[in-house]
Q: 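Once you've had a glance at the structure underneath, I'll fire off some questions.
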Number of protein chains: 2
Amino acid sequence: MANKTELDSFLNFLQKIQLLSPEALEAIYSLCGLISIRKNQNLQEIGQRCRTIYFVKAGLARIFYLKDDNEVTEYFAFENDLIIRAESLFTGKPSMKAIQALENTVFIGIPAESLFSLFDTFPEIERLFRKIIEQAYVATVNRMEAIQFHPAEERYAQLMDEKPDLIRRISLKHIASYLGITQVSLSRIRAAIR
Amino acid sequence: MANKTELDSFLNFLQKIQLLSPEALEAIYSLCGLISIRKNQNLQEIGQRCRTIYFVKAGLARIFYLKDDNEVTEYFAFENDLIIRAESLFTGKPSMKAIQALENTVFIGIPAESLFSLFDTFPEIERLFRKIIEQAYVATVNRMEAIQFHPAEERYAQLMDEKPDLIRRISLKHIASYLGITQVSLSRIRAAIR
DNA sequence: CTGATTTTTTAACATTTGTAAAAGGATAGG
DNA sequence: CCTATCCTTTTACAAATGTTAAAAAATCAG
């Protein structure tokens with residue numbers, strides 16, 4: 001198990017979403033574990049049922065899946081981001097998605113079942129979790145809108161504007177698949193705005 | 001306020017997601033109201049802050065927004081579907097989206113603030129709501145995947161397969177915008193598979 | 001029923017994005 | 001330092017979808 005200072009960033013992250021009593025914090029704390037994964041290794045493989053909620057303490061990771069033998073990046077998680085394979089966690093089905101470290105990465109992991117069982121004792125933890133999902137839901141609806149109605153060039157410009165880190169730390173092929181375009185197409189876009 | 005039989009379908013819908021105590025059901029029941037909207041009229045206008053959660057008791061409705069003066073349909077709600085402008089409800093910002101009745105429609109409405117304030121007394125209602133959002137979130141992630149990586153023709157075929165009702169009850173221009181393509185493009189697709 | 005309005009289809013052309021293959025750069029391990 | 005590998009760009013061409021306009025079909029109101 002991790003010691004308390006190692007979990008500071010995570011517990012702070014949670015407190016900003018929903019203030020928690022010392023008891024609830026302690027209960028969450030006691031479930032947390034640290035997992036280190038080397039660059040390019042997978043934290044979770046495709047086909048596994050997702051039973052853990054992760055938080056990136058340091059490093060960088062992504063969720064990806066295979067579409068016709070091509071890797072498609074669904075999500076990037078930087079330091080202090082949650083990373084959850086929700087389609088599996090909420091449905092109980094095996095996940096068709098993998099979690100991969102794009103740099104040497106330290107994750108904080110919480111077993112989902114243990115966390116969920118805290119909901120009965122600590123409604124405030126269920127509330128925290130509800131708010132997390134609400135935020136993720138709104139973000140996803142907005143991203144869907146972008147993919148549907150903004151040309152790839154705009155989406156690239158916006159992404160670079162919001163997260164200039166991406167281009168420094170993530171290979172362009174991953175960024176392309178995240179944007180829903182091919183690498184060739186992204187190259188063209190980059191050439192056009194140069 | 002509505003009488004109990006009028007709310008049966010709604011309360012049944014909720015019970016299937018999360019079993020509720022009689023007290024919790026009664027608390028929800030007492031907040032519900034019925035609203036009838038004629039075909040092509042808006043239940044909620046663009047620019048209003050969303051403060052109500054709706055359920056379609058009878059009829060058919062959609063959420064849409066304007067993109068360069070064109071109406072884009074984000075969501076269709078048939079009988080026994082929830083219809084919520086989440087981006088506004090969860091953020092408190094004015095909604096850029098309208099709710100419109102596509103047929104004469106009877107909605108059940110619950111003031112969101114009143115419902116949310118039940119969360120403190122009835123954790124089971126917060127749980128219900130958490131599960132509703134989880135389902136919506138997973139559905140949205142899947143839809144995003146479809147839009148990103150399945151050609152329009154496949155998406156149309158799948159939609160017709162899952163909800164054959166759509167084509168009978170909804171105009172093709174609305175379906176086209178829901179699929180993220182132009183009406184002309186949808187016409188071509190329909191001509192191709194004929 | 002009839003004319004007006006709306007919806008859907010068709011056509012021609014432009015633009016965007018994809019595919020495949022090759023070349024150029026960068027990087028890591030020996 | 002050198003080679004092998006991976007990443008990125010470029011090129012040429014194909015396919016999908018958008019744009020505009022007009023015709024055809026369906027729907028609606030009087």
Side-chain angles (χ1 to χ4, degrees), chain A residues 38-42 60 62 64 66-73 76 100-104 144-160 164-194, chain B residues 38-42 60 62 64 66-73 76 100-104 144-160 164-194:
Chain A
R38 298 195 69 75
K39 179 171 178 171
N40 293 328
Q41 298 303 106
N42 286 354
L60 173 57
R62 65 169 181 145
F64 74 92
L66 294 177
K67 158 82 182 164
D68 307 331
D69 294 331
N70 294 316
E71 291 184 1
V72 174
T73 299
F76 295 115
Q100 181 184 46
L102 295 177
E103 303 172 356
N104 293 340
M144 188 167 68
E145 212 172 291
I147 285 177
Q148 234 175 335
F149 297 107
H150 294 276
E153 182 168 337
E154 263 180 56
R155 304 205 305 273
Y156 176 72
Q158 197 192 338
L159 190 63
M160 290 307 100
D165 257 29
L166 260 80
I167 203 154
R168 259 173 281 135
R169 295 171 66 180
I170 301 178
S171 73
L172 291 172
K173 66 173 180 179
H174 292 337
I175 295 176
S177 80
Y178 178 78
L179 289 170
I181 56 180
T182 60
Q183 192 175 345
V184 174
S185 201
L186 179 56
S187 247
R188 271 192 291 242
I189 287 168
R190 286 162 52 80
I193 62 182
R194 223 184 303 130
Chain B
R38 300 196 68 74
K39 179 171 178 169
N40 293 328
Q41 298 304 107
N42 287 353
L60 173 57
R62 65 169 182 146
F64 74 92
L66 294 176
K67 156 84 182 165
D68 307 330
D69 292 332
N70 294 315
E71 291 184 1
V72 174
T73 299
F76 294 115
Q100 181 184 46
L102 295 177
E103 303 173 355
N104 293 340
M144 189 167 67
E145 213 173 292
I147 285 177
Q148 233 174 336
F149 297 107
H150 294 277
E153 183 167 336
E154 265 180 55
R155 303 203 305 273
Y156 175 72
Q158 198 192 337
L159 190 64
M160 290 306 100
D165 256 30
L166 260 79
I167 204 156
R168 258 173 284 136
R169 295 171 66 181
I170 302 178
S171 73
L172 291 172
K173 67 176 179 178
H174 293 338
I175 295 177
S177 79
Y178 178 79
L179 289 170
I181 56 180
T182 60
Q183 190 175 347
V184 174
S185 201
L186 178 56
S187 247
R188 269 193 293 243
I189 287 169
R190 288 162 52 80
I193 63 183
R194 223 183 305 128

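Here the structure is a predicted model, which is why all the values come from computation and not from measurement.
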Q: Can you check the B/H150 NE2 to D/dA16 P distance for me, whole Å?
A: 16 Å

Q: Would you kindly give the CZ-to-P distance between B/F149 and C/dT17, to the nearest whole Å?
A: 14 Å

Q: Could you pick out which residue, B/K39 or B/L186, lies toward the 5' side of DNA chain D when each is mapped onto its nearest nucleotide?
A: B/L186

Q: Calculate, to the nearest 0.5 Å, the distance between atoms CG and OG belonging to B/L166 and B/S171 respectively.
A: 10.5 Å

Q: Using the side-chain heavy atoms of B/T182, tell me which of these nucleotides is nearest: D/dT19, C/dT17, C/dT7.
A: D/dT19

Q: Name the nucleic acid region contacted by B/Q183, choosing base, sugar-phosphate or nothing; use a 4.0 angstrom heavy-atom cut-off, strictly under.
A: base

Q: Could you check which of C/dA12, C/dG18, C/dT8 has an atom nearest any side-chain atom of B/S171?
A: C/dT8

Q: To the nearest Å, how far apart are B/R194 CZ and D/dA25 P?
A: 11 Å

Q: Among the candidates D/dT10, C/dT8, D/dT17, find the nucleotide nearest to the side-chain atoms of A/A191.
A: D/dT10

Q: Rounded to whole angstroms, how far apart are CD1 on B/I170 and C1' on C/dT7?
A: 15 Å

Q: Can you tell me the distance, in whole Å, between the CD1 atom of B/I189 and the C1' atom of D/dA16?
A: 9 Å

Q: Does any N or O in the side chain of B/E154 come within less than 3.5 Å of the main-chain N or O of B/A146, such that one atom is a donor and the other an acceptor?
A: no

Q: Can you figure out which of D/dC28, D/dT9, C/dT9 approaches the side chain of A/S187 most closely?
A: D/dT9

Q: Above 12 or not: heavy atoms from other molecules or residues under 6.0 Å from NZ of A/K39?
A: no

Q: Within the 4.0 Å heavy-atom criterion, would you say B/R190 contacts the bases, only the backbone, or no part of the nucleic acid?
A: sugar-phosphate

Q: Looking only at side-chain atoms of B/L172, point me to the closest of C/dT17, D/dG18, C/dT9.
A: C/dT9

Q: Can you check the B/I181 CD1 to D/dA16 P distance for me, whole Å?
A: 13 Å

Q: Looking at the side chain of B/P151, which of D/dT17, C/dT7, C/dT17 is the nearest nucleotide?
A: D/dT17

Q: Rounding to a whole Å, what distance do you find between A/N70:CG and C/dG18:P?
A: 11 Å

Q: What's the separation between atom NE2 in B/H174 and atom CG in B/L186, rounded to the nearest 0.5 Å?
A: 13.0 Å

Q: Side chain of B/V184 only, please: which of C/dT10, D/dA12, D/dC7 is the nearest?
A: C/dT10

Q: In whole angstroms, how far is the P atom of C/dT5 from the NZ atom of B/K173?
A: 15 Å

Q: Can you tell if the side chain of A/M144 reaches within under 4.5 Å of the side chain of B/I147, non-hydrogen atoms only?
A: yes

